[in-house]
Amino acid sequence: MRYGEMKKVLVTGGAGFLGSHLCERLLAQGHEVLCVDNLFTGSRRNIAHLLGDSRFEFLRHDVTFPLYVEVDEIYNLACPASPVHYQFDPVQTTKTSVIGAINMLGLAKRLKAKVLQASTSEVYGDPEIHPQPEEYWGRVNPIGFRSCYDEGKRCAETLFFDYRRQHDMPVKVVRIFNTYGPRMHPNDGRVVSNLIVQALHGDPISIYGDGSQTRSFCYADDLIDAMIRMMDTGPDIVGPINIGNPGEFTILELAKLVIEMTGSKSPLVFKDLPPDDPKQRRPDITKAREILGWAPKIALRDGLAKTIDYFDAFLTEQRKTIAGGA
Ligand code: NAD
Ligand code: UDP
Ligand code: UDP
């Protein structure tokens with residue numbers, strides 16, 4: 001495979017929020033895309049606009065089962081990402097991360113293909129070091145409600161590095177920090193989608209705890225750019241590399257911004273903080289800047305504007321469908 005040639009790229013979790021953006025970008029670059037998804041949290045709606053493209057193929061498949069296909073590169077994104085969804089069937093979440101990684105690594109080994117793992121800032125758990133550099137080993141509860149996701153993703157990283165050491169494979173690991181944008185699941189419970197949907201409905205805005213916990217929010221387009229840059233690096237670049245937006249906001253600040261930008265009259269309601277909820281999170285993206293020549297370009301306000309427009313259109317369509325069916 002020479003630089004600039006059309007590749008056949010497998011995207012697992014391709015019908016999800018980030019996966020669908022990745023499929024779209026890869027098609028725009030001229031590649032063929034095989035999107036594999038079991039539609040647990042993803043949907044056909046997310047990829048409906050891609051189905052007419054002859055270079056795009058969708059396969060409904062669960063990555064915990066072996067997969068025999070022929071591709072040049074693999075992006076492994078399959079895994080529910082929101083706490084509500086990954087805690088719904090925690091055993092399946094761990095299986096998806098661990099057995100899914102084994103199957104994708106086995107596939108990559110047979111094909112001698114590059115394989116990239118979508119890991120997460122959750123590998124740092126509730127961190128004692130701030131911001132989090134890649135060298136930090138994390139503080140993760142192994143037996144809590146978030147563990148199926150956090151430990152599953154940690155074990156997947158272990159597998160990626162062991163396959164590299166044992167089989168000399170071209171693996172890549174990126175640790176993704178909170179990312180948002182159009183096509184997030186409206187009911188997935190993540191903070192950006194929750195707050196926007198509540199504000200647009202005029203429902204109370206749910207703040208867990210006192211809202212002083214922080215997160216750093218990266219817009220999807222920026223994130224996809226970094227993922228593709230990582231895949232395109234040479235065999236010596238393995239990672240893990242943090243990707244995210246270092247702008248740090250309290251949840252209360254986010255809520256106020258959403259209310260202002262939607263013009264909503266929704267009141268704030270304070271609810272219990274979920275167990276093991278990290279108090280602060282911000283990526284140290286020095287490595288991404290130096291190795292990938294990447295930094296996020298889209299400010300929170302600009303990304304939120306696009307995301308609010310998406311949910312506004314989505315909810316209007318949903319209301320029309322309900323009214324039409326009534
Ligand atoms: P998402 O839930 O929208 O996407 C996950 C996709 O994986 C869905 O389409 C789902 O149906 C599919 N899937 C789940 N289990 C599967 C299985 N067993 N077999 C096949 N498909 C399966 O979430 P997302 O935000 O797009 O996240 C994508 C990836 O990025 C995940 O691996 C997630 O852990 C990682 N990530 C995301 C974020 C973020 O903030 N969005 C942060 C860190 C890491
Ligand atoms: N695998 C797969 N597709 C392939 C090759 C392998 O799904 O094209 C799966 C296979 O089911 C196996 C896993 O990947 O369980 C790991 O493969 P590996 O070759 O590392 O291990 P082994 O087959 O020796 O257990
Ligand atoms: N959160 C909140 N209200 C909501 C949803 C989430 O205050 O309606 C908080 C949540 O407790 C956490 C932060 O927002 O502190 C980010 O939550 P999310 O589930 O989006 O991501 P994660 O906790 O996995 O980073």
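As the structure lists them, so they are numbered: ligands from 1, and atoms in each ligand from 1. All of these numbers come straight from a predicted model, not from anything done at the bench.
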If you group Ile, Leu, Val, Met, Phe, Trp and Tyr by side-chain heavy-atom gaps below 4.5 Å, do Phe249 and Leu223 land in one group?
yes
Which residue and non-hydrogen atom of the protein lie closest to atom 20 (O) of ligand 3, and at what distance in Å?
Val191 N, 2.8 Å
Ranked by distance from atom 15 (O) of ligand 3, the top protein heavy atom is Asp277 OD1, 2.6 Å
Minimum-distance protein heavy atom relative to atom 3 (N) of ligand 3:
Ser206 O, 2.8 Å
Spatial distance of atom NZ (Lys306) from atom CD1 (Ile308) [nearest 0.5 Å]
12.5 Å
Starting from atom 39 (C) of ligand 1, what is the nearest protein heavy atom, named by residue and atom, and what distance separates them?
Arg190 NH1, 3.4 Å
Quick one: which of Ala118, Ser119, Ser20, Ser121 has a heavy atom closest to atom 44 (C) of ligand 1?
Ser119
Polar contacts were defined as any N/O atom of the residue lying under 3.5 Å from an N/O atom of the ligand; does this apply to Arg146 and ligand 3?
yes
How far is atom 1 (N) of ligand 3 from the closest protein heavy atom, and which atom is that?
Tyr208 CD1, 3.3 Å
Using a heavy-atom cut-off of under 4.0 Å, does the side chain or the backbone of Val192 touch ligand 3, or both, or neither?
neither
Who's the nearest protein heavy-atom neighbour of atom 17 (C) of ligand 1, and how far?
Asn38 ND2, 3.3 Å
Identified salt bridge (charged side-chain N to carboxylate O under 4.0 Å, His left out) counterpart of Glu122 within the set Arg154, Arg139, Lys153, Arg146:
Arg146
So for ligand 1, is Gly42 a polar contact partner (N or O within less than 3.5 Å, distance only)?
yes
For ligand 1, which atoms sit closer than 4.0 Å to a heavy atom of Asn178?
40 (O)
